[in-house]
> 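Structure provided below as structure tokens; questions to follow.
Below, chain A is the first sequence line, B the second, and so on; all start at residue 1. Just so it is clear, the values below take in all heavy atoms, side chains as well, and ignore hydrogens, waters and symmetry mates. Fair warning: this is a prediction, and the values are worked out from it, not measured in the lab.
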2 protein chains.
Amino acid sequence: MLKQETLSKNQQIVLDYIEKVNEPIKAYSILHNVQKKGIKAPLQVYRALDKLVEIGKIHKIESRNAFVACKNSSCQLSKATAFSICESCEEVSEISDNKLSKYLKSFQDKAGMKFKKYNLEFFGLCKKCSIK
Amino acid sequence: MLKQETLSKNQQIVLDYIEKVNEPIKAYSILHNVQKKGIKAPLQVYRALDKLVEIGKIHKIESRNAFVACKNSSCQLSKATAFSICESCEEVSEISDNKLSKYLKSFQDKAGMKFKKYNLEFFGLCKKCSIK
DNA sequence: CTTATTAATGTTATATTATTACACAATGTT
DNA sequence: AACATTGTGTAATAATATAACATTAATAAG
Ligand SMILES: [Zn+2]
Ligand SMILES: [Zn+2]
Ligand SMILES: [Zn+2]
Ligand SMILES: [Zn+2]
């Protein structure tokens, strides 16, 4: 059983909002949307984001400077993440594929290096945008 | 044979500098170091970077907002990139592994989505930092 | 060669993303 | 209680990146 972190007030406010919007969202957009909850400054958002990333509740989409809720309780607390990103509509989905994560984990091992995590981002067109 | 792009003046200046430093470097650091060559504004650097990324001469390390020269003429013009990043000394190396790129390419195909590229970043400790 | 088109440049201003610094409060441990 | 750890509030600022506009250079047709 994974350790269940107790979130602080600001962390919970930020997580609630990210889970609600259910798509990648940027820090300053979060800020604007949680100001009614009493969060006033960027740093309050960034501190909450840091913690939420650390405990694996959310991930950062590095190529987009955006944050998204984890959809995959088995992604080993943010240490092994993979996403597909549509370059047309910017839709992002988290990839949950056991074979892929096993392959990448074993790749790390073979390389003889002490990797703790990885992040993989695929770019292209989602199904909807492929049709157009 | 791959198409050989002719670089513009600014593109060449920026590429020369990135190839010379031979490690990931940030846009504003590039700017400071090429001002003696006549490049005065951030935008001149960013425009050159955009083009160099597009033609695969350099890659962006997304998690670090830094740029590095491509060491791997076979990485298919920036469409399939993989890096290992040391979280201690920030050393970055480009991974060139045929099996890995084939695996990820086939993964894309199986997913039935039209992906054009991917970027993979492994994080951990390099050999030097593992010993310490 | 002339015209049209595209790509690159120069410059200023501004937008966006993220961190430093410092004072203080809440929480958990011994 | 004393201490350590974590979280908060606030202001200022740093770092990263783009918008807008005028101009020039390079390519490609006709
Ligand atoms: Zn996840
Ligand atoms: Zn799409
Ligand atoms: Zn490369
Ligand atoms: Zn290292």
Side-chain angles (χ1 to χ4, degrees), chain A residues 3-18 21 23-68 77 85 87 90 92 119 121, chain B residues 3-18 21 23-68 77 85 87 90 92 119 121:
Chain A
K3 183 167 78 172
Q4 176 58 42
E5 300 272 350
T6 316
L7 298 179
S8 75
K9 193 186 94 196
N10 288 356
Q11 289 159 10
Q12 191 65 58
I13 290 169
V14 170
L15 178 58
D16 285 349
Y17 182 67
I18 295 175
V21 299
E23 62 183 27
I25 185 161
K26 287 164 173 260
Y28 276 72
S29 172
I30 294 169
L31 175 60
H32 294 140
N33 283 284
V34 297
Q35 285 187 325
K36 47 189 174 256
K37 301 271 181 184
I39 290 181
K40 288 171 187 164
L43 191 48
Q44 294 174 296
V45 172
Y46 279 105
R47 286 198 283 224
L49 289 172
D50 283 350
K51 183 68 176 185
L52 293 169
V53 166
E54 185 191 327
I55 65 178
K57 290 283 190 185
I58 65 172
H59 303 302
K60 183 172 186 181
I61 310 298
E62 294 286 359
S63 64
R64 298 298 186 262
N65 297 318
F67 300 85
V68 69
L77 290 180
I85 302 172
E87 289 182 308
E90 292 294 323
V92 170
N119 181 55
E121 298 180 4
Chain B
K3 183 168 77 173
Q4 176 59 41
E5 300 271 352
T6 316
L7 298 179
S8 74
K9 193 187 93 198
N10 288 356
Q11 290 159 11
Q12 191 66 58
I13 290 169
V14 170
L15 178 59
D16 286 347
Y17 183 67
I18 296 175
V21 298
E23 61 183 25
I25 185 160
K26 288 165 173 260
Y28 275 73
S29 173
I30 294 169
L31 175 59
H32 294 140
N33 283 283
V34 297
Q35 285 188 325
K36 47 188 174 257
K37 300 271 183 184
I39 290 182
K40 289 171 185 162
L43 192 46
Q44 295 174 296
V45 172
Y46 280 105
R47 287 197 282 223
L49 290 172
D50 283 350
K51 183 68 175 188
L52 293 169
V53 166
E54 186 191 325
I55 64 178
K57 290 283 191 185
I58 65 172
H59 302 302
K60 183 173 186 180
I61 311 297
E62 294 287 357
S63 65
R64 299 298 185 262
N65 297 319
F67 300 84
V68 70
L77 290 181
I85 302 172
E87 289 181 309
E90 291 294 323
V92 170
N119 180 54
E121 298 181 5

> Identify, residue by residue, the members of residues 23-30 of chain A with a heavy atom below 4.0 Å from DNA chain C, and return them in order of residue number, or none.
A:Lys26, A:Tyr28

> Please figure out whether B:Gly38 or B:Pro42 has its closest DNA chain C nucleotide nearer the 5' end.
B:Gly38

> Can you tell me how far CD1 of A:Ile55 sits from CG of A:Asp50, rounded to the nearest 0.5 angstrom?
11.5 Å

> Please enumerate all residues that pass side chain to side chain donor-acceptor pair (under 3.5 Å) together with B:Ser29, with sequence neighbours excluded.
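Checked B:Ser29 against side chain to side chain donor-acceptor pair (under 3.5 Å); zero matches.
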
> At what distance, to the nearest 0.5 angstrom, does CD1 of A:Ile13 lie from CD1 of A:Ile39?
4.5 Å

> Do A:Ile30 and A:Leu49 have side chains that get closer than 4.5 Å, going by heavy atoms?
yes

> Identify the heavy atoms of B:Pro24 and B:Val68 that sit nearest to each other, and give their distance.
N-CG2, 4.0 Å

> Using the test salt bridge (Lys or Arg N to Asp or Glu O under 4.0 Å), find all partners of B:Glu90 that sit at least two apart in sequence or belong to another chain.
B:Arg64

> Heavy atoms only: give me the nearest A:Ala48-A:Val14 pair and the separation to one decimal.
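In terms of heavy atoms, the two residues are closest at CB-CG2, 3.7 Å.
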
> Donor-acceptor check, side chain of B:Glu121 to backbone of B:Ile85, threshold 3.5 angstrom: yes or no?
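Side chain of B:Glu121 to backbone of B:Ile85, a donor-acceptor pair under 3.5 Å: no, none is there.
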
> Walking along DNA chain D from 5' to 3', note the first and the last nucleotide with an atom under 4.0 Å from a heavy atom of chain A, and give both.
D:dG7 to D:dA11

> Tell me which pairs pass side-chain hydrogen bond (donor to acceptor under 3.5 Å, both in side chains) where either residue lies in residues 37-49 of chain B, with sequence neighbours left out.
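Listed by first then second residue: nothing to list.
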
> What side-chain hydrogen bond (donor to acceptor under 3.5 Å, both in side chains) pairs are there with at least one residue in residues 9-18 of chain B, not counting sequence neighbours?
B:Ser8-B:Gln11, B:Gln12-B:Asp16, B:Tyr17-B:Asn33

> Taking heavy atoms of chain B and a 4.0 Å limit, find me the 5'-most and 3'-most nucleotide of DNA chain C within that range.
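The contacted stretch runs from C:dA8 to C:dT12.
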
> Strictly below 4.0 Å, heavy-atom distances to any atom of DNA chain C: list the hits from residues 10-17 of chain A, or just say none.
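Those residues whose heavy atoms fall under 4.0 Å from DNA chain C, taken from residues 10-17 of chain A, amount to none.
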
> State the CG-CG distance between B:Leu43 and B:Leu31, to the nearest 0.5 angstrom.
11.0 Å

> Taking five pairs at each end of the helix from C:dC1-D:dG30 to C:dT30-D:dA1, what angle separates the two helix axes (nearest 10°)?
50°

> When rounded to the nearest 0.5 angstrom, what is the spacing between NZ in B:Lys26 and CZ in B:Phe67?
9.5 Å

